[in-house]
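Below you'll find the structure, written out as structure tokens, and then a few comments.
These values consider heavy atoms only, across backbone and side chains, with no hydrogens, waters or symmetry-generated copies. Both ligands and their constituent atoms are indexed starting at 1 by order of listing.
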Amino acid sequence: MSPAQLDANRVHIFDTTLRDGEQSPGISLNTAEKVEIAQQLARLGVDVIEAGFPITSPGDFEAVEAISRNVEGPVICGLARTHKADIDAAWGAIRDSQRPRIHTFISTSDIHIEHQLQTDREDVKGQARAAVTLAKSYCEDVEFSPMDATRADVEFTAEVCAIAVEEGATVVNIPDTVGYTTPEEYADYFRRLHELVPTLRDVETSVHCHDDLGLAVANSYAGVLAGARQVECAVNGIGERAGNCSLEEIVMLVRTREDVHGLTTAINTRELARTSRMVSRLTGYAIQPNKAIVGRNAFAHESGIHQDGVLKERTTYEIMDATEVGLESNSIVLGKHSGRHALRDALEHLGFKVEGNALNAAFKRFKEVADRKKQVTALDLEAIVSDEMREKADAHELAWFEVEAGSRREPLARVAVKMPSGEEAVGESGGDGPVDAIFHAIQKATGTECELRQYTVEAVTGGEDALGQVTVMLRTAGRLATGQGVATDILEASARAYVRALSNALEGAAIREAEAATAEAAVERTPGP
Ligand code: KIV
Ligand code: ZN
């Protein structure tokens, strides 16, 4: 096969975990966490990272800029509406990337044009032209999306896409913004667009599907079969409402059914499970056990007939090998006598470079866990180190807790929280069970009122002495935020998760206040007309 043919068969993976994915309620990633995810996405081998929507807040701008400066390999993309200020901000944030891309969008459906944009089709065409022209003046690589395209008149969408290509767009993406289309319809839409806009052949076309009807992966696949060579997707399928096309599912679909279409991606699939776990931990969005590819049960066999078949020959009931997606990596085992070097080597093997104070802190946590657990596996280590890395110098932190509870007495919890000032604040409370008592004691210690929105506990690995991983979503100070905690004791994991969620919410609220104050000061400084 010639290089040209090889390239024609390559499906580019455009990851939007940090932009569309981050728009999920309760996700509040800070810049360091976004850079950490982006670095893992680069290890995974994605072609494009949509790092954020820089105009939306100084925090978003800072994160996109940090990713552009610190992450090598993939194209780094910033999102912008067709407004000049958006495109200027996107370019400002990505200009230091080795491979920058501006992604600009405007709706082409009449519902959006009339009700949201409150304008008309002629204006949309003018805005699309001006936006692509401006973006192109900054950056060679420009992507254009006609938002809500699948509910729009295809003839009008074609006119707008033709304008974008004429002005130099390198990628044209067709979003199924509200997850409304079906595979046949989406494929037909692509075919019709190609008939109406012959110049689309000169650029890359792209799919962007939401999962409102559970069809995001199927629709994306249909678009690819109809000629699109870029798939926009998010790790674990996170995103607005029901989410985006799941990265791991579309990648493994393309890989597993290469026999049908001959297409490939450049993804290092052995990094899929680790990436999925990292995104789940940092976003607080748990992975359902039966989730395809990365769910805990995705390769588990319960029925005797299946188990028997797999023992005789794996392919009787498995279409993929768990090792292909990196789910096997529980082979590293440390015990309570393992030393600092063994821990560092094991962590390095898992992709964590931990030195100095961070290694000391990780070692201390490892010893605490190893004292209570017979064996510490790779998954345990990953959970402990990720948990330890979440501790921030200037954030709230669980210092200690004690709780008295039982079926014949009212629970009573005392919790000490290390405040950002360094002081320790203690709160005491009863509650509806020990976890509730701990949560109320934390509120008293920190002087905050929180509304608990979600609480989940899961085991990191199997076995009686498994580490517990707790996810908490709460609302306080007008912010929804999540936090996770890991410990052998689920009460401790719960307390850690709650303090982190609270700390994330307060940090988000403080940033928003500071941004509002800066904006107000700027308005005051601006002379009137
Ligand atoms: O869903 C959508 O339409 C989007 C666009 C910004 C591409 O996310
Ligand atoms: Zn979207």
- Message: Under a 3.5 Å cutoff, is there a donor and acceptor pairing between the side chains of D148 and T177?
- Response: no

- Side chain, backbone, both or neither: the part of H208 lying under 4.0 Å from ligand 1 by heavy atom: side chain

- Query: Can you find a side-chain donor-acceptor pair between K291 and S276 that sits under 3.5 Å?
  - Reply: no

- Task: Check whether more than 12 heavy atoms from other residues, nucleotides or ligands sit under 6.0 Å from atom OH of Y180, and answer yes or no.
- Result: no

- Check R19 against ligand 1 and report side chain, backbone, both or neither, counting heavy atoms closer than 4.0 Å. side chain

- May I ask you to decide if I174's main-chain N or O and Y186's side chain share a donor-acceptor pair within less than 3.5 Å? yes

- Is there side-chain contact between C245 and D211, with heavy atoms separated by less than 4.5 Å? no

- So which protein heavy atom does atom 3 (O) of ligand 1 come closest to, and at what separation? T177 OG1, 2.6 Å

- For D20, atoms of ligand 1 separated by under 4.0 Å from a heavy atom: 8 (O)

- Side-chain contact test, heavy atoms from C-beta onward, threshold under 4.5 Å: evaluate it for L193 versus Y189 and give yes or no. yes

- Item | Distance filter under 4.0 Å to H210 heavy atoms, resulting ligand 1 atoms | 1 (O)

- Number the atoms of ligand 1 from 1 as they appear, then name those within less than 4.0 Å of a heavy atom of M147, with their elements. 3 (O)

- Task: Count the heavy atoms of every other residue, nucleotide or ligand shown that sit under 6.0 Å from CD of E258, and state whether that count exceeds 12.
- Result: yes

- Task: Tell me which part of E232 gets within contact of ligand 1: side chain, backbone, both or neither, using heavy atoms under 4.0 Å.
- Result: neither

- Task: Scan for salt bridge (Lys or Arg N to Asp or Glu O under 4.0 Å) pairs involving residues 218-241, sequence neighbours excluded, and state none if there are none.
- Result: D212-R241

- Determine whether any heavy atom of E240 lies closer than 4.0 Å to an atom of ligand 1. no

- State whether the number of non-hydrogen atoms from other residues, nucleotides or ligands found under 6.0 Å of E72 atom CD is greater than 12. no

- According to the interplanar angle, ranging from 0 to 90°, do the rings of F439 and Y455 count as parallel (below 30°), tilted (30 to 60°) or perpendicular (above 60°)? perpendicular

- Message: Around the Zn ion (ligand 2), how many protein N, O or S atoms are found at less than 2.8 Å?
- Response: 3

